[in-house]
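See structure below.
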Amino acid sequence: MSESDALPPHLVLSSPQRVLRQQQEFTSLEEKPQFPGASADFVDKLDFIQPNVISGIPIYRVMDRQGQIINPDEDPQLAQEQVLSLQTHDPLPQTIAGSVPSTRGKGRPPWCFPHVEPAPPWPEMTGYRGRQPEPSLQFTRLPQPPWCPLIPIRSPCYSRAEPHNRAQRQSPAHLAGRGEGGSGPISPAPCTNPSPATLPAAVGAAYAFKRDNASRAVICYFGEGAASEGDAHAGFNFAATLECPILFFCRNNGYAISTPTSEQYRGDGIAARGPGYGIMSIRVDGNDVLAVYNATREARRRAIAENQPFLIEAMTYRIGHHSTSDDSSAYRSVDEVNYWDKQDHPISRLRHHMVGRGWWDEEQEKSWRKKSRKRVMEAFEQAERKLKPSPQHLFSDVYCEMPSHLQKQQEALARHLRLYGEHYPLEHFEK
Ligand SMILES: Cc1ncc(C[n+]2csc(CCOP(=O)(O)OP(=O)(O)O)c2C)c(N)n1
């Protein structure tokens, strides 16, 4: 094949016949645009495309606010024990989150997120049965996976020494890394604070899975505020062009600290951005655990089968303050918060559903609350009794091996502490 044969016809000017044919095509009413950048028809009327923000992408739900299944075809038919595990693991992070702020100022965690996000779509609840860990990369707020013992959750909050978490250096709630959280099928990647730096990293992990033919997918959680960052754009576009098996899970809870969504974006939320990147997208009711489950399960199945990214925007509401450093009554009304807390809460909705099925009652509720509070309190007490890691760990893991200049600094600190140790709270640290 000559070089000119490989070119689109309108670029080939070598022979008069060809030029003639080309001109005929150009004057034909049937002509099609030839631009490489998009596949589209011509129009002869000036018309700007309007963003469709008045009636947006619809919100998929399975249960109504009373926990009734709306369309029986969409009922995922989970077994009683699966639904119970969804419900009963929720009060745990709720209790942890609720306890942390109330215990501030007593040598307890200095800072934390005082709430958890509703309806965590655990991949093991979405049909994942493999033995390999599955990374789930996310930004800062990790609700507690049901398989995860409390120790790795509470220790980072206290910066305590643990074998899996030798030197927790991050602020509370930034849970440590891969495979260290427990023995279950998910492997959470370390949380980082700069949002959403994990997003393109998650895409890279998904690309590696694809190359390994691993039949695995990555799920990456982030807030609607984080979606405004440049890294979100990079991640979405790479995932689409490199055809990566990844689920982008955006929690749209209406606020990024004090910034309401009206100041965050002017389009139809985050879901509407997906198709612009060529990403299959859906918006779900984030307070409906069954809707989140269905969407996540199907997206996971297709992401792996088809090697393509999926975007799920879970609509919810941030009931708690942004963090213990935030007083949200400075920028939103208590009535607004109360509406969501009392009228549209993921836990009460699932509870209604379970009560309706005869799977849960007042007695079970009371006894579970008591038990989970006891577990959390015991875990807190154990964590409080533990020492913090040795100050020497401040220098390890900066690089895989410690370079000589860091070693010198480490020795200098050791010397300093030998001379002036009484000025430091060394009794709280391992030797
Ligand atoms: C790059 C970067 N800028 C700013 C911050 C400070 N910050 C922490 S959380 C947050 C708001 C995040 O809002 P959103 O993504 O909607 O998540 P939400 O907290 O509502 O779940 C900001 C601005 C940060 N962590 N990283």
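Predicted model, so just to flag it, every value in this text is computed and none were measured. Both ligands and their constituent atoms are indexed starting at 1 by order of listing. Numbers here are sequence positions counted from 1.
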Notebook entry, point to check: Does Arg318 reach ligand 1 with a nitrogen or oxygen that is under 3.5 Å from one of the ligand's nitrogen or oxygen atoms?
Noted result: no

Judged by heavy atoms only, the candidate from Asp231, Ile257, Thr259 nearest atom 11 (C) of ligand 1 is Ile257

Per-atom filter on ligand 1: closer than 4.0 angstrom to a heavy atom of Asn253 are 18 (P), 20 (O), 21 (O)

Are any side-chain N or O atoms of Arg349 and backbone N or O atoms of Met63, one a donor and one an acceptor, separated by less than 3.5 Å? yes

Check whether Arg273 reaches the backbone of Ala227 with its side chain - one donor and one acceptor, N or O, closer than 3.5 Å. yes

Ligand 1 to Arg251, heavy atom cutoff 4.0 Å, flagged ligand atoms 21 (O)

Within the 6.0 Å centroid threshold, strictly below: Phe310 and Phe248:
no

**Asked** Do any nitrogen or oxygen atoms of Ala226 lie less than 3.5 angstrom from nitrogen or oxygen atoms of ligand 1?
**Response** yes

Quick note on ligand 1: atoms under 4.0 Å from a heavy atom of Tyr255 include exactly 16 (O), 20 (O)

field: Test side-chain hydrogen bond (donor to acceptor under 3.5 Å, both in side chains) applied to Tyr317 and Glu336, step by step
entry: CA-CA 10 Å; Tyr317 184 84; Glu336 180 183 315; 2.6 Å; yes

Fill in: Lys374 side chain reached by Lys371 side chain, heavy atoms, under 4.5 Å
no

- request: Give a yes or no answer on whether the side chain of Gln68 reaches the backbone of His353 with a donor-acceptor pair at less than 3.5 Å.
  value: no

Practice task
Ignoring angles and geometry beyond distance, decide whether Ala256 reaches within less than 3.5 Å of ligand 1 through its nitrogen or oxygen atoms.
Solution key: no

Under 4.0 Å between heavy atoms, the region of Phe222 that gets near ligand 1 turns out to be neither

Hey, is Gln264 one of the residues with a heavy atom under 4.0 angstrom from ligand 1?
no

task = Would you please indicate if the ring centroids of His416 and Tyr424 are separated by under 6.0 Å?
result = yes

Here the atoms of ligand 1 under 4.0 Å from any heavy atom belonging to Gly225 are 14 (P), 15 (O), 16 (O)

